[in-house]
Amino acid sequence: MQICFATSNPNKVREIQAMLPDYIRLLSLKDIGCLEELAEDQSTLEGNSHQKANYVFHNYHVPCFADDTGLEVFALDGAPGVISARYAGEQRDIGANMELLLSKLQGKEDRKAQFRTVITFINEDGKTRQFEGVVKGAITNNPQGGQGFGYDPIFIPKGYQQTFAQMAADEKNKISHRAIATQKLVKYLTKHF
Ligand code: ITT
């Protein structure tokens, strides 16, 4: 049984393959001969992850899944959300993104936020299922910590005293939004294939 993970990040493929039984083999975009960059121009995480999986399913005729993640800040009506990677512009500069976010929150008491990942899976018959992973938390006043990536230095998960960037990678990866969505997908695949 072969399933494509519509990502160009080989680390993401390896991480999920290790969680699956041996008879389910994950293929990367490169493995199926898809070398183009997949469009993600929808207005929601659900839309973007569906857009990527759907493109691969229709053009390469393999069961596949794709993910999309965003940081949603309550006092900013869910921004940066689906545009998290390019919040401060197309240069995708995370330093500028974090600075912009902190400046918009300046003086605001409500710092609640959540990371949200949506995975869309399409089976061989074209049937679609979505899996969501959410981690609630709060935005700090300043970046702290050097681990992780993206907005990790300014996000403290609920129930913890440290930012994601101050945690060891395996600690973050056990509780993260991506881990939660991925575990739901793995459970589904293991049960249905
Ligand atoms: P791919 O589509 O190539 O996987 P991407 O940058 O679009 O790369 P995501 O959709 O997973 O990656 O995430 C969008 C942005 O959200 C990403 O650029 C980061 O800034 C941020 N982000 C995602 N996951 C994060 C995490 O675990 N910790 C901190 N920031 C994260």
Side-chain angles (χ1 to χ4, degrees), residues 4-17 26 28-30 34-56 64-73 76 78-102 104 111 113-121 130-140 142-158 160 162-183 185:
C4 176
F5 183 5
T7 177
S8 38
N9 184 339
N11 296 316
K12 282 189 180 177
V13 179
R14 227 173 289 129
E15 192 180 294
I16 299 189
Q17 179 70 72
L26 284 195
S28 67
L29 288 172
K30 202 167 144 203
C34 175
L35 301 176
E36 66 254 61
E37 179 143 349
L38 303 187
E40 311 182 63
D41 54 15
Q42 303 299 299
S43 59
T44 59
L45 300 174
E46 284 79 1
N48 270 348
S49 67
H50 181 265
Q51 182 178 28
K52 291 189 282 185
N54 200 40
Y55 179 86
V56 170
C64 61
F65 63 90
D67 68 350
D68 199 22
T69 297
L71 175 63
E72 300 174 333
V73 179
L76 304 177
V82 71
I83 61 155
S84 291
R86 51 200 158 79
Y87 190 38
E90 287 304 323
Q91 74 279 14
R92 293 173 166 253
D93 177 344
I94 189 59
N97 289 342
M98 286 195 287
E99 215 171 284
L100 178 61
L101 183 55
L102 291 176
K104 294 210 177 196
R111 314 220 24 126
Q114 62 182 27
F115 272 115
R116 197 162 73 89
T117 294
V118 176
I119 296 176
T120 301
F121 171 68
Q130 292 194 313
F131 305 92
E132 185 188 61
V134 174
V135 175
K136 292 187 182 297
I139 303 297
T140 56
N142 296 297
Q144 289 161 42
Q147 308 285 318
F149 68 100
Y151 294 89
D152 281 347
I154 59 168
F155 181 83
I156 299 183
K158 201 171 171 183
Y160 291 78
Q162 295 178 311
T163 66
F164 264 163
Q166 291 174 306
M167 290 182 176
D170 60 342
E171 196 184 350
K172 175 193 165 187
N173 292 338
K174 259 187 252 161
I175 61 164
S176 81
H177 39 291
R178 213 175 342 272
I180 294 167
T182 301
Q183 280 155 13
L185 170 76

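For ligands, and for the atoms within them, numbers begin at 1 and follow the listed sequence.
Taking both residues in full, the closest heavy atoms of Asp152 and Gln147 are given as CB-O, 4.3 Å, listed atom of the first, atom of the second, then distance. Of all non-hydrogen atoms in Val82 and Gln42, the two that sit nearest each other are CG2-O, 4.0 Å. For the residue pair Val134 and Arg116, the shortest heavy atom distance occurs at CG2-CG, 3.7 Å.
The closest approach between Asn9 and ligand 1 stays at or above 4.0 Å for every heavy atom of the residue.
Tyr55 and Glu36 share a donor-acceptor pair across their side chains, judged by distance under 3.5 Å alone. Looking at Gln51 and Asp41, their side chains do bring a donor and an acceptor atom within 3.5 Å of each other.
In this structure, atom 8 (O) of ligand 1 has its sub-4.0 angstrom surroundings free of protein heavy atoms. Checking atom 2 (O) of ligand 1 against the protein gives a heavy-atom contact under 4.0 Å. Protein non-hydrogen atoms do reach within 4.0 Å of atom 27 (O) of ligand 1.
Interface of Asp152 with ligand 1, defined as ligand atoms under 4.0 Å from a residue heavy atom, comprises 26 (C), 28 (N), 29 (C). Remark: ligand 1 atoms within the under-4.0 Å shell around heavy atoms of Lys12 are 4 (O), 11 (O). Atoms of ligand 1 lying under 4.0 Å from any heavy atom of His177, numbered from 1 in the order shown and given with element: 24 (N), 25 (C), 26 (C), 27 (O). Every atom of ligand 1 with a heavy atom of Ser84 under 4.0 Å away is listed here by number and element: 15 (C), 16 (O). Heavy-atom proximity to Glu40, at under 4.0 Å, picks out these atoms of ligand 1: 2 (O), 7 (O). Near Gly150, the atoms of ligand 1 lying under 4.0 angstrom from a non-hydrogen atom of the residue are 20 (O), 29 (C), 30 (N).
Tyr151 contributes a side-chain N or O that, together with a main-chain N or O of Ser84, makes up a donor-acceptor pair within less than 3.5 Å. A donor-acceptor contact shorter than 3.5 Å links the side chain of Asn97 to the backbone of Ala85. A donor-acceptor pair is defined here as one N or O able to donate and one able to accept, closer than 3.5 Å; no such pair exists between the side chain of Asn48 and the backbone of Leu45. Remark: the backbone N or O of Ala169 is paired with a side-chain donor or acceptor of Asn173 at under 3.5 angstrom.
In terms of protein heavy-atom proximity, atom 18 (O) of ligand 1 is closest to Ala85 CB, 3.3 Å. Among all non-hydrogen protein atoms, the one lying nearest atom 6 (O) of ligand 1 is Arg92 NH1, 3.9 Å. Nearest protein heavy-atom contact of atom 22 (N) of ligand 1 is Phe149 CE1, 4.0 Å. At the top of the distance list for atom 14 (C) of ligand 1, counting protein heavy atoms only, stands Thr69 O, 3.3 Å.
Aromatic ring orientation, Phe164 versus Phe115: parallel (interplanar angle below 30°, classes split at 30° and 60°).
Closest to atom 30 (N) of ligand 1 by heavy atom, among Phe164, Tyr151, Tyr87, is Tyr151. Compare Asp68, Asn11, Thr7 by their heavy atoms: the one nearest to atom 10 (O) of ligand 1 is in Asp68.
Residues that satisfy the side-chain hydrogen bond (donor to acceptor under 3.5 Å, both in side chains) test with Thr117, not counting sequence neighbours, are Thr69.
The shortest N/O to N/O separation between Lys172 and ligand 1 falls below 3.5 Å. For the pair Arg178 and ligand 1, the shortest N or O to N or O distance falls below 3.5 Å.
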